[in-house]
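Heads up, the thing below is written out as structure tokens.
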Amino acid sequence: MKTAIYIRFFLVLGMAGIFSVKLWSQEADTIVPINRDTKKILRKIDVRELTRQGFNFWYDDFSGHWAGVDFGFNLFVNPDYSGYDSEFMDNDIFRSNSTYLNLIQQSIGLQRNRNTIGLVTGLGLHLQSYRMEQNTTIQRLGNGRIEPQSLFFEQNQKSKLSIVSLTIPLLTEFQIPVNHYTNRIYVSGGIVGGVRLSSHTKVKYRVQGKKEKLKTPGHYSLQDFKYGLMVRAGYRWINLFATYELTPLFKKDKGPELTPVTIGITVIKF
């Protein structure tokens with residue numbers, strides 16, 4: 001008798017559960033028919049409005065490629081040593097280098113519905129050095145003219161000219177997504193200006209087997225302000241750059257006419 005009562009009790013509970021689930025599903029899945037032309041309704045839907053409510057990577061902020069550390073090699077093009085007896089600034093390219101510390105970056109998108117074209121600017125430091133012949137350095141005469149100066153130390157001499165400048169770029173950058181949204185080929189180009197902060201010559205030599213160095217700060221009739229062209233290109237971990245300065249290294253009629261060029265790679269990206 002008790003067993004029959006239990007069976008009836010569980011049957012009632014089961015039927016009540018099934019009935020409640022059916023009622024809930026009907027309430028949740030209720031579809032209200034619309035007696036209107038569906039084609040007219042679809043024509044009025046703006047897909048752009050729908051994407052604004054969800055994820056659309058084209059609306060991400062434009063992000064350029066400038067911040068980081070660049071390293072390159074320095075050389076001179078179109079040298080003119082008129083009035084001099086030697087090409088004393090004929091530098092060792094592989095020991096003459098530039099390090100760009102691109103510390104601050106500001107990216108400005110130029111598109112309304114895309115993020116592949118924009119402007120890139122910022123602030124950085126340019127550490128520039130030119131390795132000269134080991135027995136030659138430069139000196140500035142009273143009239144500002146730069147002249148070579150011979151050195152007579154012992155072996156293992158090293159001589160170089162170093163310049164530190166504050167740099168500000170203004171680049172236009174184009175990006176092409178490849179395979180994946182975050183992987184992009186980029187190409188940029190524009191103008192880079194610079195303000196000279198300091199400059200010096202340094203000579204390393206030996207006296208009785210002991211290493212010595214002579215650092216001489218000076219103006220050396222270098223340009224206080226400079227500007228040039230920069231191009232940058234890359235994809236993922238391969239990033240290249242080149243600069244062509246439109247101002248000569250020395251002020252007009254104060255030294256040989258030399259046009260600095262730098263070619264290098266980005267070693268660290270911020």
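All of these numbers come straight from a predicted model, not from anything done at the bench.
Counting only heavy atoms from C-beta outward, the side chains of F62 and Q111 never approach each other to under 4.5 Å. Annotation: side chain of Y205 is not in contact with side chain of L151 (no heavy-atom distance under 4.5 Å). You'll find the side chain of N78 stays beyond 4.5 Å of the side chain of D80, heavy atoms only. At least one side-chain heavy atom of R196 sits less than 4.5 Å from a side-chain heavy atom of H219. Between Y227 and V192, every side-chain heavy-atom pair lies at or beyond the 4.5 Å cut-off. Here the side chains of F270 and V69 are in contact, with some heavy-atom distance below 4.5 Å. A 4.5 Å side-chain heavy-atom check between H200 and T216 finds every atom pair outside the cut-off. Annotation: side chain of R140 is not in contact with side chain of R145 (no heavy-atom distance under 4.5 Å).
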Please tabulate, one pair per line, all N/O donor-acceptor pairs under 3.5 Å involving side-chain atoms of residues 117-131, not counting sequence neighbours.
| residue | atom | partner | partner atom | Å |
| --- | --- | --- | --- | --- |
| T121 | OG1 | P169 | O | 2.7 |
| H126 | ND1 | K226 | NZ | 3.2 |
| H126 | NE2 | S98 | OG | 2.9 |
| Q128 | OE1 | K226 | NZ | 3.1 |
| Q128 | NE2 | Y130 | OH | 2.8 |
| S129 | OG | N97 | O | 3.4 |

Atom pairs and distances, side-chain donor-acceptor, residues 254-263, under 3.5 Å, sequence neighbours left out:
| residue | atom | partner | partner atom | Å |
| --- | --- | --- | --- | --- |
| K254 | NZ | N143 | O | 2.9 |
| T262 | OG1 | N74 | OD1 | 2.8 |

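In the hydrophobic clustering of this structure, V267 groups with F73; members are Ile, Leu, Val, Met, Phe, Trp, Tyr whose side-chain heavy atoms approach within less than 4.5 Å, directly or through other members. I104 and L171 end up in different hydrophobic clusters when Ile, Leu, Val, Met, Phe, Trp and Tyr side chains are linked at under 4.5 Å. Connection of Y100 to V231 is not established within any shared hydrophobic cluster, with ILVMFWY side chains joined at heavy-atom distances below 4.5 Å, either directly or through further cluster members. Hydrophobic clustering (side-chain heavy atoms under 4.5 Å, transitive across Ile, Leu, Val, Met, Phe, Trp, Tyr) groups L240 together with I93. Hydrophobic clustering of Ile, Leu, Val, Met, Phe, Trp and Tyr side chains at less than 4.5 Å, counting indirect connections, keeps L170 apart from F241.
Here the CE atom belonging to M89 is positioned 7.0 Å from the CG atom belonging to N91, to the nearest 0.5 angstrom. Once rounded to the nearest 0.5 Å, the distance linking CE of M132 with NZ of K202 reads 12.5 Å. Atom NZ in K158 sits 6.5 Å away from atom CZ in R95 (nearest 0.5 Å). From F174, atom CZ reaches atom CD1 of I185 across 14.5 Å, with rounding to the nearest 0.5 Å. Within the model, atoms OH of Y220 and OG of S162 stand 10.5 Å from one another, a figure rounded to the nearest 0.5 Å. One distance of note links CD of E173 with OG of S63; it measures 8.0 Å at 0.5 Å rounding.
When all heavy atoms are compared, the tightest approach of S199 to G218 is OG-O, 2.5 Å. D92 and S96 get closest at one heavy-atom pair: O-OG, 2.7 Å. The shortest heavy-atom contact between V77 and Y244 is CG2-CE1, 3.9 Å.
Between D70 and the choices T266, T243, N239, the side-chain hydrogen bond (donor to acceptor under 3.5 Å, both in side chains) rule is met once, by T266. Applying side chain to side chain contact (heavy atoms under 4.5 Å, CB included) to Q149 and the options V203, T137, I138, T201 leaves one that passes, T137.
Of the possible donor and acceptor atoms, none in the side chain of S221 sits under 3.5 Å from a partner among the backbone N and O of K251. Of the possible polar contacts, none joining the Y84 side chain to the P148 backbone as a donor-acceptor pair under 3.5 Å is found. The backbone N or O of T136 lies less than 3.5 Å from a partner atom in the side chain of S159, making a donor-acceptor pair.
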Practice prompt. Please lay out, stage by stage, how M230 and W66 fare under the test side chain to side chain contact (heavy atoms under 4.5 Å, CB included).
Written response: CA-CA 11 Å; M230 171 177 276; W66 162 258; 3.9 Å; yes
Item to complete: Run the numbers on L249 and L222 for side chain to side chain contact (heavy atoms under 4.5 Å, CB included), then give the verdict.
Response: CA-CA 6 Å; L249 183 68; L222 298 164; 3.8 Å; yes
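Ring geometry for H65 against Y186 counts as parallel: the plane angle stays under 30°, on a 0 to 90° scale with 60° as the upper cut.
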